[in-house]
K.L.:
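Questions regarding the structure given below will be posed in turn.
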Amino acid sequence: MVELVVVGIVAGFLAGISPCILPVLPVVLVAGATGTAGASGTAGAIAPGSAETSARMPRASLARSLAVIGGLVLSFSIIVLAGSEILSLLHLPQDALRDAGIALLIVVGLGYLIPPLGTLIERPFARVGTRQPSARAGGFVLGLAVGVLYVPCAGPVLAAIAVVGATHRVGLTAVILTAAFAVGTAVPLLAVAAAGGQLTSRIGAIRRRAPQIRRVGGAVLIVFAVLIASDVLAGLQRDIPGYSTALQGSAKVRKQLNALTGTPQTSLSSCNSTATTLVNCGPAPNFTGITAWLNTPGGQPLSLRALRGKVVLVDFWTYSCINCQRSLPHVEAWYSEYAKDGLVVVGVHTPEFAFEHVVSNVRAQAAALGVRYPVAIDDNYATWDAYSNQYWPADYLIDAQGNVRSVHFGEGGYSTMGDLIRQLLQAARPHLSVPGPAGVPDKTPTGELSPETYIGYDELQYLDPPEVARDTPAVYRFPTSLPLGALGLAGTWTDHAQEATAGHGAELELGFLAQDVYLVLGGTGTLDVSVDGHHTQTIDVGGVPRLYTLYQAGSATSGTLLLHASPGVQAYDFTFG
């Protein structure tokens with residue numbers, strides 16, 4: 001725990017000096033420089049320039065700076081740990097807190113411009129019994145607003161805290177680590193705020209013009225609130241990413257962070273996934289936290305205890321994953337071939353994209369893909385975590401006694417898995433004659449192929465040039481030349497966390513090496529596809545977001561794909577075969 005706390009403080013400090021927080025630094029500087037004159041713009045009954053005023057100004061400046069950072073740390077910590085749950089309880093969108101922070105920053109700026117409004121804003125946060133709100137009260141309000149907007153460079157520590165908060169697993173360790181991170185990040189920000197306050201207290205001209213300085217500060221707050229809202233400053237946060245990642249702990253610390261997120265370390269974590277014979281990986285975890293069941297009588301849940309005596313294959317998948325789609329025919333063939341001999345297949349659908357959380361989408365696509373065996377909807381990753389799983393697709397073969405006897409990650413290995421299924425079926429029912437393999441062709445890609453290419457900014461890697469405007473329409477131009485494996489945008493696109501939505505004249509160019517090219521599409525409209533300058537097809541996009549085939553060839557080739565999307569089409573993720 002001591003090591004984790006130290007790492008949390010160091011990680012917070014590094015986040016506080018990272019270039020990606022530059023958008024909020026002017027706000028913190030203004031906060032320290034504009035509050036020493038009190039809420040109403042005066043220094044009380046003390047004459048400006050007097051000895052008493054000179055003595056009080058540094059103390060008032062420090063008090064306000066502390067109040068600003070205190071408000072920032074409090075709101076940031078609460079939002080990171082419980083923001084998602086609070087929004088869910090209030091049935092609000094996940095970006096509502098950011099919008100509220102921007103609005104509050106604008107209101108505080110208006111309070112600086114209009115002193116009576118400033119007094120009204122600060123009064124609820126003033127100390128009980130005071131007649132007028134103090135500068136500390138205004139600083140605390142401003143700190144609350146900045147804390148909502150403060151987005152430090154993410155590293156392992158902050159990522160672990162965010163996962164804990166998003167999955168509602170907040171415990172004492174998470175609270176302590178968050179506090180340590182907040183303390184570390186408060187140090188450089190406090191220095192910035194204090195510098196602004198010291199500047200005010202030491203320069204007589206500024207002290208004499210305190211009301212005017214507050215109005216200028218209010219205008220600065222409003223301008224930066226608008227800039228943050230419009231993501232104009234987002235480039236500053238992307239230019240130099242979280243360089244502190246490598247400095248945030250040893251392998252021991254990373255193990256502690258993994259434990260903090262609630263992913264258990266089970267015997268399955270060390271099970272040999274390359275074994276071609278039956279092994280014993282220990283008891284299989286039960287299905288946990290399943291939100292819905294498909295293809296069971298009346299939607300009733302299944303349990304491994306009730307399936308004891310059967311051979312069970314647990315297959316983790318998600319419907320838009322091409323790797324999963326290529327493995328499904330084999331899983332379906334095993335189910336069709338061996339269900340009568342005692343095999344039960346359970347597809348655990350753990351979503352990758354937001355649209356895959358919608359049960360009706362999963363139901364429709366499972367039917368379209370020919371999935372007839374039971375499907376467990378694992379929207380909260382509970383069963384995924386119980387199995388310490390990290391892959392799509394992933395198969396866990398369980399014997400009649402409830403023990404995991406084989407684990408396989410990714411595509412391929414179908415012949416081996418089929419043999420192991422038959423061995424367990426034969427062992428469970430020695431009197432039966434288990435038929436031979438189903439004979440589904442193995443379409444696992446071989447050789448070097450283009451890597452999976454996401455278009456949403458959360459996992460955007462191969463865009464050329466690499467910058468996008470987040471969550472706002474922007475006009476793009478193709479690069480002069482497009483390297484193999486690179487992605488280019490032209491026309492108007494609105495890039496979101498998981499997908500990009502086409503606007504006027506939207507085009508997308510991709511240099512690929514593959515036999516087959518697929519793209520997950522959503523929204524409504526058309527997509528014109530050209531390969532190496534030749535128009536090949538027009539795709540009608542509509543209904544549930546799903547995987548579409550853009551290109552197929554007899555062997556792996558390199559080429560350039562040009563897509564013209566009508567407004568409203570959503571492009572998620574390229575995969576290759």
Side-chain angles (χ1 to χ4, degrees), residues 19-20 22-23 93-99 102 149 151 153-154 162 226-242 320-321 351-357 450-480 482-483 485-512 517-529 539 541 545-548 550 560-575:
C20 63
L22 287 176
Q94 290 297 308
D95 56 357
L97 285 174
R98 179 177 183 272
D99 294 341
I102 292 170
L149 304 175
V151 185
C153 294
V226 173
L227 292 176
I228 292 171
S230 59
D231 282 329
V232 171
L233 303 174
L236 291 173
Q237 297 170 299
R238 292 193 298 269
D239 286 344
I240 305 179
S320 72
C321 162
E352 180 180 14
F353 296 111
F355 59 77
E356 293 173 319
H357 284 267
S450 292
E452 185 171 9
T453 304
Y454 293 89
I455 306 171
Y457 60 71
D458 263 0
E459 299 188 63
L460 188 62
Q461 299 181 60
Y462 304 109
L463 185 66
D464 185 11
E467 295 183 357
V468 292
R470 297 191 176 197
D471 302 312
T472 187
V475 178
Y476 299 89
R477 293 182 179 177
F478 287 140
T480 305
L482 192 72
L487 174 71
L489 297 177
T492 302
W493 290 90
T494 303
D495 203 54
H496 301 289
Q498 295 187 340
E499 49 83 15
T501 301
H504 178 70
E507 292 184 312
L508 192 154
E509 192 176 27
L510 176 74
F512 69 90
V517 181
Y518 309 90
L519 176 60
V520 178
L521 295 168
T524 303
T526 59
L527 188 76
D528 288 318
V529 182
I539 297 173
V541 181
R546 61 181 179 85
L547 196 71
Y548 291 77
L550 304 185
T560 300
L561 194 70
L562 177 64
L563 308 179
H564 178 78
S566 65
V569 170
Q570 299 168 335
Y572 285 83
D573 174 33
F574 285 100
T575 49

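Excluded from the calculations below are hydrogen atoms, water molecules and symmetry mates; all remaining heavy atoms, backbone and side chain alike, are included.
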K.L.:
If I compare all heavy atoms of R477 with all of P465, which pair ends up nearest, and what's the gap?
P.N.:
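Looking at all heavy atoms of both residues, the closest pair is O-CD, 4.4 Å.
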K.L.:
Donor-acceptor check, side chain of T526 to backbone of S566, threshold 3.5 angstrom: yes or no?
P.N.:
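Not confirmed, T526 side chain does not pair with S566 backbone.
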K.L.:
How many angstroms lie between atom CG of L547 and atom CZ of F574, to the nearest 0.5 angstrom?
P.N.:
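Those atoms lie 11.0 Å apart.
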K.L.:
Looking only at heavy atoms, what is the nearest atom pair of W493 and Y476, with distance?
P.N.:
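The pair with the smallest heavy-atom distance is O-CE1, 3.7 Å.
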K.L.:
CG/L508 to NE2/H564 distance, rounded to the nearest 0.5 angstrom?
P.N.:
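Reported value, rounded in 0.5 Å steps: 12.0 Å.
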K.L.:
Output yes when a side-chain donor or acceptor of E507 lies under 3.5 Å from a complementary backbone atom of A490, and no otherwise.
P.N.:
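The answer is no, because no donor-acceptor pair under 3.5 Å joins these two groups.
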K.L.:
Yes or no on side chain to side chain contact (heavy atoms under 4.5 Å, CB included) for D471 and Y457, after CA distance, side-chain angles and deciding distance?
P.N.:
CA-CA 9 Å; D471 302 312; Y457 60 71; 2.8 Å; yes
K.L.:
Please round to the nearest 0.5 Å and tell me the distance separating atom CG of L561 and atom CG of L519.
P.N.:
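Nearest 0.5 Å value for the CG-CG distance: 8.5 Å.
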K.L.:
To check you understand the geometry: which heavy-atom pair defines the closest contact between D464 and A486, and what is its length?
P.N.:
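Looks like CB-CB, 4.3 Å.
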K.L.:
Grab the two heavy atoms, one from T492 and one from A506, that are nearest each other, plus how far apart they are.
P.N.:
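That closest heavy-atom pairing would be O-CB, 3.5 Å.
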K.L.:
How long is the span from the CG atom in D573 to the CD atom in E499, to the nearest 0.5 Å?
P.N.:
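One gets 12.0 Å once the value is rounded to the nearest 0.5 Å.
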K.L.:
Could you tell me if the side chain of L510 sits less than 4.5 Å from the side chain of Y462, heavy atoms only?
P.N.:
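Y462 does not reach L510 side chain to side chain.
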K.L.:
Could you pull out the closest heavy-atom pair between G511 and S450, with the gap in Å?
P.N.:
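It is O-OG, 4.3 Å.
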K.L.:
Closest heavy-atom contact between L487 and I455?
P.N.:
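Looks like CD2-CG1, 4.2 Å.
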K.L.:
Hey, mind stepping through F512 and T453 against side chain to side chain contact (heavy atoms under 4.5 Å, CB included) and telling me if it holds?
P.N.:
CA-CA 10 Å; F512 69 90; T453 304; over 6 Å; no
K.L.:
How long is the span from the CD1 atom in I539 to the CG atom in L563, to the nearest 0.5 Å?
P.N.:
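One finds 8.0 Å between CD1 of I539 and CG of L563.
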K.L.:
Tell me, do F478 and L562 make a side-chain contact under 4.5 Å, heavy atoms counted?
P.N.:
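F478 reaches L562 side chain to side chain.
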